[in-house]
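These notes concern the structure reproduced below.
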Number of protein chains: 2
Amino acid sequence: MTRTPPPEPRDEIRVAVSTVIFSLRHDDAGELPAVVLPLVRRTRDPHEGQWALPGGWLDASENLEAAASRTLAETTALAPSYLEQLYAFGDVGRSPARVVSIVYWALVREDVAATPLPADENVAWFDAAALPPLAFDHELIVEYALWRLRNKVGYSRIAHGLLPELFTLAELREVYEAIGGRRLDPANFRRQVDGSGTLIPSDDFRTGSHRPARLYRYNHDVELADRGPLPR
Amino acid sequence: MTRTPPPEPRDEIRVAVSTVIFSLRHDDAGELPAVVLPLVRRTRDPHEGQWALPGGWLDASENLEAAASRTLAETTALAPSYLEQLYAFGDVGRSPARVVSIVYWALVREDVAATPLPADENVAWFDAAALPPLAFDHELIVEYALWRLRNKVGYSRIAHGLLPELFTLAELREVYEAIGGRRLDPANFRRQVDGSGTLIPSDDFRTGSHRPARLYRYNHDVELADRGPLPR
DNA sequence: TCAAAAGTGTTTATGGTACACCCATGC
DNA sequence: GCATGGGTGTACCATAAACACTTTTGA
């Protein structure tokens with residue numbers, strides 16, 4: 001890209017793509033759902049046996065985002081509802097070989113995440129608040145992705161990426177509460193979201209407990225927040 | 001980084017590092033300063049003769065940020081007062097060869113930027129609002145970097161990266177005005193910044209015109225906003 | 001003494017938060 | 001009926017914007 005001659009292939013800088021995938025899991029009724037993410041167990045050195053982020057090598061003929069989707073599908077069989085580049089990690093010492101990892105982060109709806117993972121003991125969901133030791137610098141990466149998730153949910157409307165097509169305001173609020181780690185006032189939450197024009201009320205209601213709650217869908221007309229410089 | 005075998009070097013994905021460097025330039029007195037950035041003219045194909053962002057190939061033995069600093073110094077002899085990773089660009093078609101560019105963005109103080117560039121007709125400063133056609137996808141990159149600059153100046157305290165050690169509130173305000181593209185109320189600006197605790201008043205004043213203005217310095221105790229997941 | 005920039009005070013609008021209250025349904 | 005979550009109304013508080021005003025210098 002510049003005026004110096006290109007490096008010979010023997011420089012051996014390799015490019016990998018990994019993804020931090022977030023979803024929610026309701027375990028204890030009455031409690032806030034937990035933020036969970038899938039990890040894969042490494043079956044070879046380095047760090048054999050340790051848990052790591054799903055990912056793989058970048059193929060010379062595919063774009064970065066395509067590589068993230070592909071490796072994510074190969075290792076976890078998941079299709080994300082939101083995918084955004086997180087950061088490029090390339091410190092010299094982060095792996096025995098010189099690897100630059102382009103890391104993405106993604107959201108998966110809870111009902112999608114609930115479908116069983118591949119019959120593979122080497123893929124599993126973990127509570128983001130109780131992760132095992134991770135390979136490479138993946139703990140740092142997950143920590144940063146969590147920071148970004150919490151940050152972005154504050155100023156954008158990505159929370160619906162964790163919900164099905166139709167959802168109640170209480171369910172949407174629960175997503176914000178789970179990510180933010182604190183309860184929100186239902187009254188104020190309602191006003192804020194329907195003042196923002198991001199939700200379209202449907203004519204259906206969720207019944208089953210007490211007063212039925214109106215179901216909403218996300219208004220795709222309002223632009224999702226910044227997903228990077230790429231054309232959308 | 002994963003369970004598939006590493007690719008052979010003949011895959012030929014190369015990693016470059018480029019930097020979008022911002023500074024300010026006062027041209028017309030009374031007018032807002034312009035946002036300017038240095039470009040280098042390409043001396044070889046592809047895109048020979050076109051202007052491009054300063055950068056170079058990533059060396060196998062250096063970190064990404066170090067490579068950004070190095071290539072930036074080699075091509076422009078500039079030392080930035082702020083440096084942060086912007087985005088990884090890696091689309092297949094963005095260059096004849098497969099190149100993944102880790103792009104950084106940087107701030108340079110105006111007095112530093114005023115020192116003459118290397119005696120090289122192939123490096124020059126341009127007004128960000130009137131750029132020539134750029135090589136590769138560098139126009140997209142600059143556009144995104146400008147968006148990030150404007151965004152970040154709104155919620156962080158990086159503006160001082162464009163100013164010398166001591167500066168008046170009017171000078172600091174001018175930075176915000178130049179980046180934001182609109183005038184700000186001096187009274188409200190004053191209250192906002194000294195309410196934030198980011199400035200330390202000095203005992204010196206800038207004289208020369210009318211009533212002298214107190215000089216301030218930046219308070220390095222208050223943490224700069226997010227520069228990424230790396231330890232600082 | 002006047003122009004111009006530094007710096008202060010005050011009013012108003014706005015958005016978030018807390019919380020009291022009513023509504024509709026399952027049990 | 002009554003408990004519970006859905007949904008509305010309203011007062012309060014902090015912050016931002018607008019702008020009148022005073023202070024201090026150079027010319």
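First the proteins, then the strands, lettered A, B, ... as listed; each starts at 1.
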Quick one: [X] [atom1] to [N] [atom2], roughly how many Å, whole number?
X: B/Arg206; N: D/dT24; atom1: CZ; atom2: C1'; answer: 18 Å
X: A/Leu215; N: D/dG6; atom1: CG; atom2: C1'; answer: 13 Å
X: B/Asp194; N: D/dA16; atom1: CG; atom2: C1'; answer: 15 Å
X: B/Phe205; N: D/dT23; atom1: CZ; atom2: C1'; answer: 13 Å
X: B/His210; N: C/dT1; atom1: NE2; atom2: C1'; answer: 15 Å
X: B/Tyr155; N: D/dT15; atom1: OH; atom2: C1'; answer: 21 Å
X: B/Arg191; N: D/dC19; atom1: CZ; atom2: P; answer: 14 Å
X: A/Leu184; N: D/dG5; atom1: CG; atom2: P; answer: 16 Å

* Could you check whether the rings of B/Tyr218 and B/His160 sit parallel, tilted or perpendicular, using 30° and 60° as the cut-offs? => parallel
* A/Ala187 or A/Arg211: which one's nearest nucleotide on DNA chain C is closer to the 5' end? -> A/Ala187
* Asked: B/Arg173 or B/Asn188: which one's nearest nucleotide on DNA chain C is closer to the 5' end?
  ->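 First, find each residue's nearest nucleotide; the 5'-ward one identifies B/Arg173.
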* Pair B/Gln50-B/His138, side-chain donor/acceptor within less than 3.5 Å -> no
* Quick one: closest heavy-atom pair of B/Ala79 and B/Val108, and the distance? => O-CG2, 4.3 Å
* To do: Tell me whether the OP1 or OP2 atom of C/dG7 has a side-chain N or O from B/Arg190 closer than 4.0 Å.
  => yes
* To do: Would you mind telling me which of C/dG7, D/dA17, D/dG5 lies closest to the side-chain atoms of B/Gln192?
  => D/dA17
* **Option from A/Tyr144, A/Trp147, A/Tyr104 for which ring-ring contact (aromatic ring centres under 6.0 Å, His included) with A/Tyr87 holds** =>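 Passing option: A/Tyr144.
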